[in-house]
Every structure is written in C-alpha cells, then in structure tokens.
Amino acid sequence: MIPAGFEYARAGSVDEAVGLLGGDEDAKLLAGGHSLIPLMRLRFTRPSLLVDIGRLDDLRYVRDDGDRIAIGALTRHAELVRDPLLAQHCALIGEAAAGIGDPQVRHRGTIGGSIAHGDPASDLGTIVVTLDAELVARGPSGERTIPAADFFAGMFETALARQEVLTEIRVPKVPAGVYLKVERRAQDWATVAVAAARVDGRVQVGLTSMGPTPLRARSVEEAVAGGASPADAAARTADGTSPPSDVSGSGEYRAHLAQVLVRRALEQL
Ligand code: FAD
C-alpha cells in the first residue's frame, strides 16, 4: 500500500523541528524512517506533516563524557556497531545494533528513532533500560533529562511530549555487558532477547519482547545480589513479565527462552 497524503518539511535545526511540530498537531518527526514509513504504508498512522530531522548531522556522534558515553539521537545503528568508544566502554550496544534488521536498516535506522518509537521489541530500548541511561529531550520550554526507567509508558507510548525531540542518550561506561537475542529467521526482530551488564558493581538485566515495554528483570537482579547461582537467579526471569503469544512463539515459550538466555548471559558476565 502507499501512504495517505502528507506534507513534508526538512528541519535545519532541533529548534526548527520543535517549531514545526508546534504548528500542526498531527505532525510527526521522521528520522531513519524504518519504523514510521512501514506504518504509514499500512495506514496504521496518517501524519499530516513529516518533519524530517534525518540530516541533522550535529545529532550524529558518540562522545566520551567522563563516566558516561553520550550518543547523539541521529546516530545510525551501523555507526554504533563500529564505534571504538562504545567497543571499549559499552560493547553491548554495538553487539545489539549489529543484530538489528539488515544492512539497509542499520544504515538508515537511528538510535533515537528506535527508542522514541516505543516498540517493546526494540533491541536498543532494552539496552537503555538495562543500563539506567539518561534520555535528553528538547521541546518548546527547553531541555530535560528523562531516566530510562521513566521513559517507556506502554506499547508504542513514551514519556516524550508531542513537540519534544529526543536529542541525546547517555549511557554509563560498563566493564562487562552482553546482549543475547533469539529470532525466528536471520535479520528478524527478537522473539526474546536479554541484556545483562555490570553497572556500578551491580548486575542489571533487561528483557526484550517480554511485555508491553522493555523490562528490567528485577527479581533476577535481587537474586544475583543475594549470591544466587546463574541458574537459580534465572529461574526468576518471568516474575512481573507478560510475554505475548504471536506468530513468533507462545507466551510460555518466550518465558522459557528468556530464562535460558538470562542464565547464559549471567554465566558470560
Ligand atoms: P523513524 O522510523 O524515522 O521514526 C520512528 C518513530 O520515532 C516515529 O514516530 C518518529 O516520529 C519518532 N522519532 C524518530 N526520531 C525521533 C527523535 N529523535 N525524537 C523523537 N521522536 C523521534 N529494530 C530493532 O530494534 N530490532 C530489529 O531486529 C529490527 N529489525 C527491523 C527490520 C526491518 C525490515 C525494519 C524495516 C526495521 C527493523 N527495526 C528493528 C527497526 C529499526 O531499528 C528502525 O530503524 C527503528 O526502530 C526506528 O528508527 P528510525 O530512525 O528509522 O525512526
């Protein structure tokens, strides 16, 4: 199908994008277009105006920011894969990005778009929740920082206000981290995936496709902190989750798969 008709404007700056969003309540930002355009083609969404921020190259960077790494929201998945700073200080981001879609998706899709889209199957959404990242957004009243724990409000719903642009993602430097993903076919979305990392001396674990948002496996984390073995801690993976049943697998299958992946991730940390 082809999308319904829409107007198009290319923003030359974040402030201009914010202004354009303010002028049309059915406007949407366009970054890499690899989640939005498919939805428009299916007519699940019909924005009246697309505000293209895809060429804002000043939002395309990975920088050392002391004990954190700052990533511009327009940084492409392929750039995350080959970035040396991330490889050194937060390697699980590159690992996760390398498993997203195919080369075309990785060269167009952006980290900001992946997170702002609020898809529970987003690999990078789970990573930011696992790492307690900070998400920086700019809107009409200036800039604010949203903890990743408060960002995902529901399936495809986030804490971003209508006129806000996600500009930067700040992640801690971590000494160890792993992202394990199982998909039905090569280059597919995760049936289930698991992130695990040592953050400030604590083991933190996140789950992809185990509920309406990216989730933290808090019971697993508590068990690890209490000295449980990887297998015993992983037995608590499904606590507080609501895995969906769909063509990729039943909820029961997902719960089992997640437990296996959590055990393996803990063993690898
Ligand atoms: P867009 O599609 O441009 O935008 C998505 C949404 O976010 C829109 O609502 C837009 O308005 C909003 N938005 C975009 N940028 C911002 C911003 N800076 N601030 C505020 N709002 C913003 N993803 C995975 O995680 N794992 C996969 O395995 C995977 N496989 C894929 C396979 C295929 C074939 C395709 C087409 C996509 C796949 N994706 C996968 C999704 C891919 O990662 C997308 O690129 C990503 O989800 C969206 O990023 P984008 O830059 O393309 O955003």
Side-chain angles (χ1 to χ4, degrees), residues 3 6 8-11 13-14 17-18 20-21 24 26-42 44-60 71-81 93 95-129 135-139 143-144 146 151-152 155-169 179 181-193 195 206 208-209 213-214 248:
F6 58 88
Y8 172 89
R10 184 183 297 159
S13 67
V14 173
V18 171
L20 286 163
L21 289 174
D24 181 337
D26 291 323
K28 265 193 176 295
L29 291 172
L30 176 72
H34 272 63
S35 288
L36 183 57
I37 300 292
L39 290 182
M40 289 172 63
R41 289 171 63 101
L42 292 167
F44 287 154
T45 181
R46 297 172 179 225
S48 50
L49 168 67
L50 285 188
V51 177
D52 189 352
I53 54 170
R55 297 190 196 190
L56 297 185
D57 285 342
D58 52 340
L59 292 188
R60 214 166 155 184
I71 306 171
L74 265 293
T75 309
R76 305 287 197 261
H77 305 323
E79 291 163 341
L80 301 174
V81 174
I93 292 186
E95 272 175 39
I100 293 178
D102 52 33
Q104 183 181 344
V105 174
R106 293 195 290 275
H107 280 88
R108 293 295 309 164
T110 65
I111 183 169
S114 276
I115 294 167
H117 192 50
D119 189 329
S122 160
D123 297 302
L124 297 172
T126 299
I127 300 276
V128 295
V129 165
L135 306 175
V136 182
R138 201 179 315 159
E143 195 166 272
R144 67 179 177 129
I146 310 166
F151 188 79
F152 295 101
M155 196 177 279
F156 300 109
E157 278 177 45
T158 71
L160 285 177
R162 204 188 58 75
Q163 250 183 287
E164 280 184 318
V165 179
L166 179 61
T167 55
E168 187 173 271
I169 295 93
Y179 191 71
K181 171 174 171 179
V182 169
E183 62 269 67
R184 277 178 74 215
R185 300 165 302 187
Q187 305 179 346
D188 222 343
W189 295 80
T191 300
V192 165
T208 306
S209 289
T213 63
S248 296

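Starting from 1, each residue takes its place in the sequence as its number. Note that the structure is a prediction, hence the values are computed from the model and not measured. Note that ligands are numbered from 1 as they come in the structure, with each ligand's atoms numbered from 1 the same way.
Residues meeting the side-chain hydrogen bond (donor to acceptor under 3.5 Å, both in side chains) test with Ser13, sequence neighbours left out: none. With sequence neighbours left out, the salt bridge (charged side-chain N to carboxylate O under 4.0 Å, His left out) criterion links Glu143 to Arg138.
Protein heavy atom closest to atom 14 (C) of ligand 1, with residue, atom name and distance, is Gly113 CA, 3.5 Å. For atom 6 (C) of ligand 1, the closest non-hydrogen atom of the protein is His117 ND1, 3.6 Å. Looking only at protein heavy atoms, the nearest one to atom 37 (C) of ligand 1 is His34 O, 3.6 Å. Atom 35 (C) of ligand 1 has its closest protein heavy atom at Val105 CG2, 3.7 Å. Nearest protein heavy-atom neighbour of atom 4 (O) of ligand 1: Leu36 CB, 4.0 Å. For atom 41 (C) of ligand 1, the closest heavy atom belonging to the protein is Trp189 CH2, 3.3 Å. In terms of protein heavy atoms, atom 27 (C) of ligand 1 is closest to Asp123 OD2, 3.6 Å. Nearest non-hydrogen protein atom to atom 47 (O) of ligand 1 is Ser35 OG, 2.7 Å.
Residue-ligand proximity, Leu160 to ligand 1, at heavy-atom distances under 4.0 Å covers atoms 20 (C). Those atoms of ligand 1 that come under 4.0 Å of a heavy atom in Gly109, given as number and element, are 45 (O), 51 (O), 52 (O). Below 4.0 Å from some heavy atom of Lys28 lie the following atoms of ligand 1, by number and element: 9 (O). For ligand 1, the atoms closer than 4.0 angstrom to any heavy atom of Gly101 are 27 (C), 28 (O), 29 (C), 30 (N), 31 (C), 32 (C). Close contacts of ligand 1 with Ser114, meaning ligand atoms under 4.0 Å from a residue heavy atom, involve 43 (O), 46 (C), 47 (O), 48 (C), 49 (O). Less than 4.0 angstrom separates some heavy atom of Ser122 from each of these atoms of ligand 1: 25 (O). Close contacts of ligand 1 with Gly32, meaning ligand atoms under 4.0 Å from a residue heavy atom, involve 3 (O), 50 (P), 51 (O), 52 (O), 53 (O).
Within the 3.5 Å criterion, the main-chain N or O of Trp189 finds no donor-acceptor partner in the side chain of Glu183. Looking only at distances, no side-chain donor or acceptor of Arg184 sits under 3.5 Å from a matching main-chain atom of Thr191. A side-chain donor-acceptor contact under 3.5 Å links Arg106 to the backbone of Ile100.
Taking OG1 of Thr213 as the start and CG of Asp119 as the end, the distance is 11.0 Å to the nearest 0.5 Å. The CD1 atom of Ile146 sits 5.5 Å away from the CD atom of Glu164 when rounded to the nearest 0.5 Å. Remark: Ile127 CD1 to Ile115 CD1 distance equals 9.5 Å, nearest 0.5 Å. Interatomic distance, NZ of Lys28 versus CG of Leu49, reported as 12.0 Å (0.5 Å rounding). The distance from atom CG of Leu30 to atom CG of Leu36, rounded to the nearest 0.5 Å, is 6.0 Å.
Of the polar atoms of Gly33, at least one N or O is found under 3.5 Å from an N or O of ligand 1, judged by distance alone. Taking any N or O of Asp102, backbone or side chain, none lies under 3.5 Å from an N or O belonging to ligand 1. Distances between N or O atoms of Leu166 and those of ligand 1 include at least one value under 3.5 Å. When only interatomic distances are considered, the shortest N/O to N/O separation between Ala116 and ligand 1 does not fall below 3.5 Å. For ligand 1, the polar-atom distance check finds no N/O of Glu164 at less than 3.5 Å from any of the ligand's N/O atoms. Looking at Thr110 next to ligand 1, an N or O pair under 3.5 Å apart turns up.
For Asp188, the closest heavy-atom approach to ligand 1 falls below 4.0 Å. Distances from ligand 1 to the non-hydrogen atoms of Lys181 include at least one value under 4.0 Å. Residue-ligand proximity: Ile53 is placed with a non-hydrogen atom under 4.0 Å from ligand 1. At a 4.0 Å cut-off, at least one heavy atom of His77 sits close enough to ligand 1 to count as contact.
Contact annotation for Ile37 and ligand 1: no heavy atom of the residue comes within less than 4.0 Å of the ligand. Contact annotation for Leu29 and ligand 1: heavy atoms of both the backbone and the side chain come within less than 4.0 Å of the ligand.
Donor-acceptor pairing under 3.5 Å is recorded for the side chains of Tyr179 and Thr208.
Other residues, nucleotides and ligands contribute only 12 or fewer heavy atoms inside 6.0 Å of the CZ atom of Phe44. Summarising the local packing, CZ of Arg55 is surrounded by 12 or fewer heavy atoms from other residues, nucleotides or ligands at distances under 6.0 Å.
Nearest heavy-atom pair, Thr158 versus Ala116, reported as atom, atom and distance to 0.1 Å: CG2-O, 3.5 Å. The shortest heavy-atom contact between Ala96 and Leu124 is CB-CD2, 4.4 Å. For His77 against Ser114, the heavy-atom pair with the smallest separation is CE1-OG, 3.2 Å.
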